[in-house]
Amino acid sequence: MLFGLPPMGNQLSIPKINQIDDHYDVVIVGAGIVGAGIFRDLSLHGLKCLLIDKKDFGSQTSQSSSKMLHGGIRYLENFDFGLIWEALHEKNLWLKLAPHLCYEDAFYLPVFKESAKPLWMLKIGLFIYDLLSGFQNTAHRLLGKKATKLEIPSIKEDGLKGAGIYYDAIMDDVKLTLEVIYDGLQEAHAQALNYVELERFTNKDTINDLQLKDCITGTRRTITCLQTVMALGPFADNFLMSQPNIPWSPKLYPSKGSHLWINKSVIDIKHPMVLNTIDGRVIFVIPRNNAILVGTTELETKEDFFDMSPSKFEIQYLLDSLNEYFPNKNINHTHILSNFSGIRPLVQDENSRGESLKRTSRVHHNYQPFSNLHIILGGKYTTFRVMGQEISRTIVQSFNKVFNSSLTKRPLRQRSIVLPFDNLKKDLTSMDLENIIQKEHVRTLEDLKIRRLGLRNSGHWNFSSSFEELYSNVSEEIKSNLIEAEFK
Ligand SMILES: Cc1cc2nc3c(=O)[nH]c(=O)nc-3n(C[C@H](O)[C@H](O)[C@H](O)COP(=O)(O)OP(=O)(O)OC[C@H]3O[C@@H](n4cnc5c(N)ncnc54)[C@H](O)[C@@H]3O)c2cc1C
C-alpha cells in the first residue's frame with residue numbers, strides 16, 4: 001500500500017438521503033464501474049447528476065473481477081477483433097490516466113506437448129494481439145523450454161515446450177471505480193449516495209419518479225428526474241422483472257466466477273501466468289504485493305447474486321488446477337488468504353444463444369424502454385468508458401448540449417488516501433483513517449476495511465500498526481457515523 005496525494009474533493013461531508021434535492025437532470029442507478037463511468041461523463045458535461053447504489057460503491061461485480069485491464073487474449077479464438085482492439089486501446093489509455101491504479105505486466109503463457117496451440121500458432125496470435133493494440137503494447141516474446149524453466153523454476157517440466165509472453169495491465173478494480181466516482185464528484189452539481197436503493201421506478205412521460213430507500217436508516221424518499229440510467233450489472237434482470245412499470249424480459253446468462261488470494265511464498269513467480277486447464281478453461285495466476293490471485297471459474301448459478309463467495313467445489317477446482325502446473329508445491333487450503341466471487345453480466349443475444357458461457361461475447365447492449373430510461377447490460381470492465389458513451393451522448397444531446405467524447409480522457413482528479421500497489425511496509429495513522437471515513441463515502445466498517453484499505457483479512461495487511469490499534473484511536477464522534485456490525 002502507498003499513500004496518495006491528499007484528496008482535493010470539494011465534498012467534505014457526505015450527503016444523506018434527506019439532504020439531496022427533489023429533482024435531478026439524470027439519476028444513475030448502480031455504482032459499479034459502468035454506472036460510475038456514465039456518472040463521471042454526464043457530470044463532466046455539466047448535467048445535474050445523482051448516482052446511487054443499494055450497497056457500497058463498487059462492492060459487487062466491480063470488486064470481484066480478475067483485476068486486469070486487457071484486450072482479452074482468449075477472444076482471439078472467437079475472432080472478436082473489434083472488441084479486442086477497443087479494449088487494448090482503453091487499457092493503454094488508463095495506463096496513462098491512472099498510473100497509480102494500474103500497471104503493465106508481462107503475462108506468461110506456458111505451452112506443453114498436449115497444448116491445443118503449439119508455439120508457432122501462439123506466435124501468430126500474439127502478433128495479432130500486438131497489432132490490434134496499434135503496437136502500443138510492449139512487444140510479445142517467445143521463450144524456449146530452458147528459458148521458461150529458468151524464469152518459472154517450479155513449473156511442471158513434463159511436456160513443457162516453452163512459453164509465449166504478452167503484455168496486459170493489472171489494476172485495482174474497486175479503487176478505480178471509487179476514483180471515477182470521486183472525479184465526477186469534483187463537479188459542483190454532482191452527488192453520489194451509497195446504500196441507497198431504487199425501490200420503484202415510474203415513468204410519467206417526460207419525468208421519471210424514483211422511490212428511494214436508505215438501506216441503513218430505512219428512510220424513504222421519492223425524487224424526480226428527466227433521464228434515468230440503470231447500470232445494474234448482473235442484478236438487472238431481477239430488478240427489472242420486479243418493476244410492474246417497466247416492460248422487460250430476462251436477458252442475462254448469469255455466470256459465476258470465483259477467485260482465491262493465496263500466500264505469495266507458495267509459488268516462485270514474478271509475473272502473471274495464463275494456464276489452460278484440462279477442461280479448456282483459462283486460469284490467471286497474478287502475483288501482487290504479498291499475495292497471488294488465482295481465478296477464475298465459470299459456472300451457471302441460481303444463487304443470490306449479492307455478496308457471493310466461492311463454493312467448496314470451486315475452491316478445490318482452483319487448487320487442483322494450480323497443483324497440475326506446479327506439481328511439487330502441494331498448494332492447499334492452508335495457503336488461502338481469502339476468496340471472492342462475482343457474476344459476469346453476459347447478455348444472451350441471437351448470436352450467443354446456444355454458445356457455452358466461455359464463448360459468449362463480452363459486448364454490451366443498451367435498451368430504452370422509454371425515451372428517458374436507458375438500461376445498459378453486459379460488456380467488460382476494461383471498456384467501461386466507451387461502453388457508456390452511447391447513452392451519455394443521447395442524454396447530453398437531449399439537454400441541447402454538445403457531446404464531447406474526449407472529456408473522459410482527462411486524468412482522475414481525486415486520489416484515494418490509500419493506494420493499492422506497493423510491497424513496502426508503510427505507516428498509516430488514525431488520522432488517515434478519520435480522513436478516509438470523512439472524505440471517501442465510508443458508511444460501514446466493511447467499506448473502510450475491504451474497499452478503502454484493501455484489508456480482506458490480516459494476510460493482506462501491509463502497515464506497521466494493526467488495524468485494531470489504529471481504529472481504537474479514531475475519534476468517537478467520527479466512529480459514531482459508521483455501522484460497525486456486518487451489514488448485508
Ligand atoms: C469473475 C469475474 C472476472 C472478471 N474479470 C474481468 C477482468 O479481469 N477484466 C475486465 O475487463 N472485466 C472483467 N470482468 C467483467 C467485469 O468485472 C464486469 O463487466 C463489470 O465489473 C460489471 O460492472 P457493472 O457496473 O455492470 O456491475 P456491478 O459492479 O455489479 O454494479 C452494479 C451495481 O448495481 C447495484 N444495484 C443493483 N440493484 C440496485 C438497486 N435496485 N438500486 C440501487 N443499486 C442497485 C449493485 O449493488 C451494484 O453495485 C470479470 C467479471 C467476473 C464476474
Side-chain angles (χ1 to χ4, degrees), residues 27-39 50-75 83 86-88 90-91 94 102 168-174 176-177 180-181 193-201 210-215 228-240 242-243 252 254-259 272 282-284 286 293 295-299 301 305-308 310 314 339-347 357 362-364 375-385 387-388 451:
V27 175
I28 300 105
V29 188
I33 189 61
V34 177
I38 294 174
F39 167 70
L50 174 69
L51 174 71
I52 58 165
D53 198 294
K54 75 182 264 185
K55 301 275 183 167
D56 189 21
F57 304 137
S59 67
Q60 299 303 311
T61 327
S62 298
Q63 76 169 6
S64 312
S65 80
S66 303
K67 309 187 193 304
M68 296 179 293
L69 293 174
H70 65 155
I73 194 86
R74 59 184 156 160
Y75 309 140
L83 178 66
E86 187 172 66
L88 286 173
E90 283 303 299
K91 169 199 93 170
W94 284 106
C102 51
D168 264 334
I170 306 299
M171 54 118 172
D172 191 289
D173 48 9
V174 73
L176 184 52
T177 303
V180 167
I181 296 172
L193 298 174
N194 43 0
Y195 297 98
V196 168
E197 174 181 10
L198 172 63
E199 282 194 317
R200 183 163 290 240
F201 171 92
L210 308 182
Q211 183 186 306
L212 310 182
K213 179 183 157 197
D214 186 312
C215 300
T228 308
V229 180
M230 296 198 188
L232 301 173
F235 312 98
D237 275 346
N238 281 351
F239 175 77
L240 293 163
S242 75
Q243 296 295 304
L252 291 167
S255 158
K256 182 181 176 195
S258 295
H259 289 85
V282 169
I283 303 263
F284 293 98
I286 302 177
L293 181 65
T296 170
T297 56
E298 214 149 327
L299 280 182
T301 182
F305 296 169
F306 282 104
D307 307 313
M308 306 183 89
E314 290 176 286
N339 58 49
F340 61 89
S341 303
I343 297 280
R344 285 189 186 78
L346 302 181
V347 180
L357 288 173
R362 267 62 173 167
V363 292
H364 74 278
I375 296 165
I376 183 163
L377 290 187
K380 51 192 263 179
Y381 196 117
T382 309
T383 50
F384 76 92
R385 193 189 67 88
M387 266 170 69
R451 284 168 289 281

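Read the numbers this way: they start at 1 and go in the same order the structure lists the ligands and their atoms.
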A.B. asks: With a 4.0 Å heavy-atom cut-off (strictly under), which part of His70 contacts ligand 1: side chain, backbone, both or neither?
C.D. replies: side chain
A.B. asks: Give the single entry among Ala87, Ser66, Ala231 that approaches atom 32 (C) of ligand 1 most closely by any heavy atom.
C.D. replies: Ala231
A.B. asks: Can you confirm, on distance only, whether ligand 1 has an N/O atom lying under 3.5 Å from any N/O atom belonging to Ile33?
C.D. replies: yes
A.B. asks: Taking all non-hydrogen atoms of both residues into account, name the closest pair between Cys102 and Met171 and its distance.
C.D. replies: CB-CB, 3.8 Å
A.B. asks: Could you pull out, from Val196, Leu51, Ile286, Leu232, the option with a heavy atom nearest to atom 38 (N) of ligand 1?
C.D. replies: Leu232
A.B. asks: At under 4.0 Å between heavy atoms, which part of Phe384 makes contact with ligand 1: side chain, backbone, both or neither?
C.D. replies: neither
A.B. asks: Using a 4.0 Å cutoff against the non-hydrogen atoms of Leu198, which atoms of ligand 1 qualify?
C.D. replies: 40 (C), 41 (N), 42 (N), 43 (C)
A.B. asks: So which protein heavy atom does atom 44 (N) of ligand 1 come closest to, and at what separation?
C.D. replies: Lys54 N, 3.1 Å
A.B. asks: With no hydrogens and no angle check, do the side chains of Thr297 and Glu314 hold a donor and an acceptor under 3.5 Å apart?
C.D. replies: yes
A.B. asks: Tell me the contacting part of Ala36 for ligand 1: side chain, backbone, both, or neither, using a 4.0 Å heavy-atom threshold, strictly below.
C.D. replies: neither
A.B. asks: Test side-chain contact (heavy atoms from CB on, under 4.5 Å) on Ile286 and Met68 and set out the steps.
C.D. replies: CA-CA 9 Å; Ile286 302 177; Met68 296 179 293; 3.8 Å; yes
A.B. asks: Could an N or O of ligand 1 be found under 3.5 Å from any N or O of Ser255, whether backbone or side chain?
C.D. replies: no
A.B. asks: Below the 3.5 angstrom mark, is there an N/O of Ser258, backbone or side chain, next to an N/O of ligand 1?
C.D. replies: no
A.B. asks: Using the test side-chain contact (heavy atoms from CB on, under 4.5 Å), find all partners of Ser341 that sit at least two apart in sequence or belong to another chain.
C.D. replies: Lys256, Ser258, Met308, Pro310
A.B. asks: Side-chain contact, heavy-atom cut-off 4.5 Å: Phe305 with Thr61?
C.D. replies: no
A.B. asks: If we only count heavy atoms from C-beta on, is the Thr296 to Arg344 side-chain gap below 4.5 Å?
C.D. replies: yes
A.B. asks: Thr301: which residues meet the side chain to side chain donor-acceptor pair (under 3.5 Å) condition with it, sequence neighbours left out?
C.D. replies: Glu303
A.B. asks: Specify side chain, backbone, both or neither for Val29, according to which of its non-hydrogen atoms lie closer than 4.0 Å to ligand 1.
C.D. replies: side chain
A.B. asks: Atom 28 (P) of ligand 1: which of Val34, Thr61, Ile52 has the nearest heavy atom?
C.D. replies: Thr61
A.B. asks: Check each heavy atom of His259 against ligand 1 and say whether those closer than 4.0 Å belong to the side chain, the backbone, both or neither.
C.D. replies: side chain
A.B. asks: Could you tell me whether Tyr381 approaches ligand 1 through its side chain, its backbone, both or neither, with non-hydrogen atoms closer than 4.0 Å?
C.D. replies: both
A.B. asks: Record the part of Thr296 in heavy-atom contact with ligand 1 below 4.0 Å; permitted values are side chain, backbone, both and neither.
C.D. replies: side chain
A.B. asks: With a heavy-atom distance limit of 4.0 Å, tell me whether Ile343 approaches ligand 1 through its side chain, its backbone, both, or neither.
C.D. replies: backbone
A.B. asks: Is a side-chain donor-acceptor pair under 3.5 Å present for His259 with Ser64?
C.D. replies: no
